[in-house]
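Report on the structure given below.
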Amino acid sequence: MADHDNSHAATSETSHAHGSHDGDHDGIAHVTPVRLLLGVWGALMVLTIITVAVTTVDFGPRVNLIVAMAIATVKAGLVVTYFMHLRWDRPFNTLVFLGSLLFVSLFISMTLFDKSEYEPDITEMSVQKGQ
Amino acid sequence: MAQSTAEQLSDHSHVGDGHGHDAGHGQYPFLAHHFDTPKHQFESGKLGIWIFLVTEVLFFGGLFCAYAIYRGLHPEIFVYAHYYLDTFWGAVNTGVLIVSSLTAAWAVRNAQLGEQKKLVTNIVVTIVLACCFLCVKYIEYSHKFHDNVLPGRHFNPTHEVWELESYKKAHGDHGAGHGEHAGAAAAEHASETASPAPTDTTSAPQPAQPGAQPAPAGATPSAGAAAEGGATAAKKAPPGALERPRHASVFFSIYFFMTGLHGVHVVAGIITWLWLLRRAMRGEFGPQHFGAIDYAALYWHLVDLIWIYLFPLLYLIH
């Protein structure tokens, strides 16, 4: 129940709304404070502006891509942690979600390993077909 | 952290004010008979929706994989093609989705606190923003259909890349490429000088092209798709301009598939929110029963999450 207990930062607000229960154990889940919601939203908007602005700076194609992906990942992290309240959720749900990311990255990286293997054949084939 | 049954029962005695098993169900008409407590029901549903989101991530993962392969093999196609996308509208849609994520998260809070009016308001705002997103998408798509910026052999753009505002902005008015982007593309370039001869090995024609007249100008020799519309294929690139790489249309296959599938998810989200709006207006949701709102919001955040990656990957290519 540790996850339940550390979620009680906001329960003082919760108990106003349905104070019929005894204050400590009434909430089914953590209630995200409005300030936190607005803060995360503000951060996401600022990061969106940054990611657009940063494309006007030329770091070379590779670094620009890495910067854009890093910003996107920070944004995704904020959404997952706060909007999707994984921070207060049961850790098992986090595990399930991270599992999907693990398998997607395995999928993509394994595929990329041999992406260049067939390119010569493809080029050759399209040359032959065209001529 | 899996809760033992004993814990759930003790928790149940808190929530249900010490009632027995069945009394809990009498108190909560929404509680399905196979769940002990509203919390039990909520957390089971939550695990279910997370598993659904996992399948969604894997579903989109296939498209991200296709993207990664094509971008890895042909970065010049992505540099070339992204000039056909309007960063302004992409950024607007990113903002729209982020605001709608905020209102969705807020709606969950409203449901948890039993704030009926605010709940309805936040759901309505979320739906309106989702419709805004689709409207912007409609503007973008119709523009592309109008200009024949389409996948596969339908890629036959009315405007060459050096005629686009986005390109002029990045390269100066005459599209004098400095080779910075074009570095990779240069390898694909055919000779600048107009040559009526059929294309050679550096610019392999595509299967779609047999019998088509060879492009009279060397400017766009390699875009097989363009051969169908001699008019555009005949346009000559100004010196140093970025030329159309071979297989440029693949980008738009990826673009339309990824944004299209994402758009379908937005439509599904709108339908879900409309259904929940109806239920919210009936006052079905409250502190013990807000699971449906939470699950829909989780789905909606995932749709936002995918767009957070699609936006830089498609619109912000450098």
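Letters go in sequence order (proteins before strands), and every chain restarts at 1.
The closest donor-acceptor contact from the side chain of B:H318 to the backbone of A:T55 lies under 3.5 Å. Checking side-chain atoms of B:R109 against main-chain N and O of A:T32 turns up a donor-acceptor pair under 3.5 Å.
With respect to chain B, the highest number of heavy-atom pairs below 4.5 Å among A:V104, A:V79, A:N93 belongs to A:N93. Ranked by non-hydrogen atom pairs under 4.5 Å with chain A, the options B:I51, B:I306, B:L102 are led by B:L102. Heavy-atom pairs under 4.5 Å with chain B were tallied for A:Y82, A:F97, A:F59; the largest tally goes to A:F97. Note on B:T87, B:L313, B:I98: by heavy-atom pairs under 4.5 Å with chain A, the leading option is B:I98. The greatest number of non-hydrogen atom pairs below 4.5 Å with chain A, out of B:G291, B:C65, B:G62, B:G72, is found for B:C65.
With a threshold of 4.5 angstrom between heavy atoms, B:F290 approaches chain A through side-chain atoms but not through N, CA, C or O. For A:L86, the part lying under 4.5 angstrom from a heavy atom of chain B is the side chain only. At a 4.5 Å heavy-atom cutoff, the contact between A:L38 and chain B is made by backbone and side-chain atoms alike. Heavy atoms closer than 4.5 Å to chain B are found in the side chain of A:L112, but not in its backbone. For chain A, the nearby parts of B:I69 are the backbone and the side chain; heavy atoms of each come within less than 4.5 Å. The parts of B:A68 that come within reach of chain A are both its backbone and its side chain, each placing non-hydrogen atoms under 4.5 angstrom from that chain. Heavy atoms closer than 4.5 Å to chain A are found in the side chain of B:F311, but not in its backbone. Using a 4.5 Å cut-off between heavy atoms, B:V108 touches chain A through its side chain atoms alone. Contact of A:S105 with chain B is not made at all, since no heavy-atom distance falls under 4.5 Å. For A:V57, the part sitting under 4.5 Å from any heavy atom of chain B is the backbone (N, CA, C, O) and nothing else. Looking at B:L47, both its backbone and its side chain come within 4.5 Å of chain A, counting heavy atoms on both sides.
Here the CD1 atom belonging to B:I308 is positioned 7.0 Å from the OG1 atom belonging to A:T48, to the nearest 0.5 angstrom. Rounded to the nearest 0.5 angstrom, A:L47 CG and B:T94 OG1 are separated by 12.0 Å. Between the NZ atom of A:K75 and the CH2 atom of B:W307 there is a distance of 11.0 Å, given to the nearest 0.5 Å. One distance of note links CH2 of B:W50 with OG of A:S100; it measures 8.5 Å at 0.5 Å rounding. The distance from the CG atom of A:L37 to the OG atom of B:S101 is 10.5 Å, given to the nearest 0.5 Å.
Of all non-hydrogen atoms in A:M69 and B:Y309, the two that sit nearest each other are SD-CD2, 4.0 Å. Scanning both residues, B:L53 and A:M84, for their nearest heavy atoms gives CD1-CE, 3.6 Å. Of all heavy-atom pairs spanning B:P287 and A:I28, the tightest one is O-CD1, 4.1 Å. Nearest heavy atom pair, residue B:A91 against residue A:V52, reads CB-CG2, 4.2 Å. What you find for A:W41 and B:V99 is that their closest heavy atoms are NE1-CG2, 3.4 Å. For the pair A:L65 and B:R71, the tightest heavy-atom approach, listed with the atom from each and the gap, is CD1-NH1, 3.5 Å.
Other residues, nucleotides and ligands contribute more than 12 heavy atoms inside 6.0 Å of the CZ atom of B:F52. Within 6.0 Å of the OH atom in B:Y70, the count of heavy atoms belonging to other residues, nucleotides or ligands does not exceed 12.
Listed by chain and residue number, B:K46 satisfy the salt bridge (Lys or Arg N to Asp or Glu O under 4.0 Å) test with B:D294 (two or more places apart in sequence, or in another chain).
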